[in-house]
Amino acid sequence: MAFRSSISAPTPLPCLFTCKSLAAKAAPPSFVSVSPQFVTSRSWYSPRAVAGYPMSLVVKSRRNASFRCFASALTPELKSTLDKVVTSSKVVLFMKGTKDFPQCGFSHTVVQILNSLNVPFEYINILENEMVRQGLKEYSSWPTFPQLYIEGEFFGGCDITVEAYKSGELQEALEKAMCS
């Protein structure tokens, strides 16, 4: 049985390295996509490592049977961009979908809360860019979406926002932000 891999990546991503050169780099790339090709009659075969990384660091995509390694998605350029975005408006929501058409129930809940409080907010649809989605998880040290930022500071996800809304803490934070 033989295992061959070829490197492939979505267009908007910067530099990618081949599997052999990946291990030789001092700083691994922030995103590597490896499409495995198995020369076998057994379709259930699964490799123990891809590009030298253990499978625990590799995400398998169900759509096209490709493997993606995320060594670190938060590049210095992306961190700088996220710093600018979260401070560009008093309230910023990173969400799945748009505020008019949320594509997840949690994002919908946070949008409803902000709309009920008549709070103007900017939103970023994280479904449009895989690098932003993965980098933002590292940037905020928060693994899920939506992510709400008030005055450039991470406030929380859906559960925290709902609890803060119920206790009045969210209204206080938003009022303080709007008055400053």
Side-chain angles (χ1 to χ4, degrees), residues 8-17 27-33 57-64 66-180:
S8 63
T11 320
L13 298 176
C15 62
L16 294 175
F17 304 99
S30 57
F31 179 90
V32 176
S33 177
L57 296 177
V58 179
V59 178
K60 184 173 187 260
S61 169
R62 292 184 196 115
R63 285 182 290 163
N64 58 7
S66 67
F67 292 90
R68 294 178 285 184
C69 301
F70 295 98
S72 175
L74 187 61
T75 63
E77 297 83 15
L78 181 56
K79 183 182 182 320
S80 174
T81 300
L82 290 173
D83 285 339
K84 290 176 188 172
V85 169
V86 300
T87 57
S88 66
S89 184
K90 294 188 186 257
V91 180
V92 178
L93 180 63
F94 290 90
M95 61 180 288
K96 294 180 180 179
T98 66
K99 60 171 127 177
D100 296 326
F101 188 66
Q103 294 186 9
C104 112
F106 301 112
S107 294
H108 180 71
T109 299
V110 174
V111 168
Q112 281 187 318
I113 289 172
L114 294 174
N115 286 339
S116 74
L117 297 172
N118 293 320
V119 175
F121 67 96
E122 296 297 321
Y123 72 91
I124 288 79
N125 181 357
I126 53 103
L127 296 176
E128 293 177 348
N129 189 316
E130 179 75 19
M131 289 292 289
V132 169
R133 184 165 59 243
Q134 295 304 325
L136 195 57
K137 291 176 183 181
E138 290 180 47
Y139 180 81
S140 64
S141 299
W142 195 260
T144 60
F145 294 97
Q147 293 184 9
L148 181 63
Y149 286 78
I150 300 174
E151 289 192 302
E153 296 293 321
F154 177 68
F155 186 81
C158 181
D159 291 342
I160 290 173
T161 302
V162 169
E163 288 302 315
Y165 175 70
K166 288 178 182 177
S167 71
E169 182 185 344
L170 177 63
Q171 293 86 326
E172 290 174 20
L174 291 170
E175 187 175 317
K176 179 182 170 196
M178 295 302 142
C179 292
S180 64

Is there a donor-acceptor contact under 3.5 Å from the side chain of [X] to the main chain of [Y]?
X	Y	result
Gln147	Met95	no
Ser80	Pro76	no
Lys99	Phe121	yes
Thr75	Leu78	yes

At what distance, to the nearest 0.5 angstrom, does [atom1] of [X] lie from [atom2] of [Y]?
X	Y	atom1	atom2	value
Thr81	Leu136	OG1	CG	12.0 Å
Glu77	Leu82	CD	CG	11.5 Å
Thr161	Lys166	OG1	NZ	12.0 Å
Leu174	Glu169	CG	CD	10.5 Å
Cys158	Glu163	SG	CD	10.0 Å
Ser107	Leu93	OG	CG	6.5 Å

Minimum heavy-atom separation for [X] and [Y], please, with both atom names.
X	Y	value
Tyr165	Leu170	N-CB, 3.7 Å
Ala73	Glu138	N-OE2, 2.8 Å
Leu74	Gly135	CD1-O, 3.7 Å
Ile126	Lys96	CD1-CG, 3.7 Å
Pro146	Val110	CG-CG2, 3.6 Å

Q: Test Phe94 against every option in Trp142, Phe155, Tyr149 by the ring pair (Phe, Tyr, Trp, His ring centres under 6.0 Å) rule and name the one that passes.
A: Tyr149
Q. Is a side-chain donor-acceptor pair under 3.5 Å present for Glu122 with Ser88?
A. no
Q) Can you tell if the side chain of Thr144 reaches within under 4.5 Å of the side chain of Phe106, non-hydrogen atoms only? A) no
Q.
Would you say that Gln112 contacts Pro102 through its side chain, given a criterion of any heavy-atom pair below 4.5 Å between the two side chains?
A. no
Q: Answer yes or no: are there more than 12 heavy-atom neighbours, outside Gln103 itself, under 6.0 Å from its atom CD?
A: yes
Q. Within a reach of under 6.0 Å around CD of Glu175, are more than 12 heavy atoms found that belong to other residues, nucleotides or ligands?
A. no
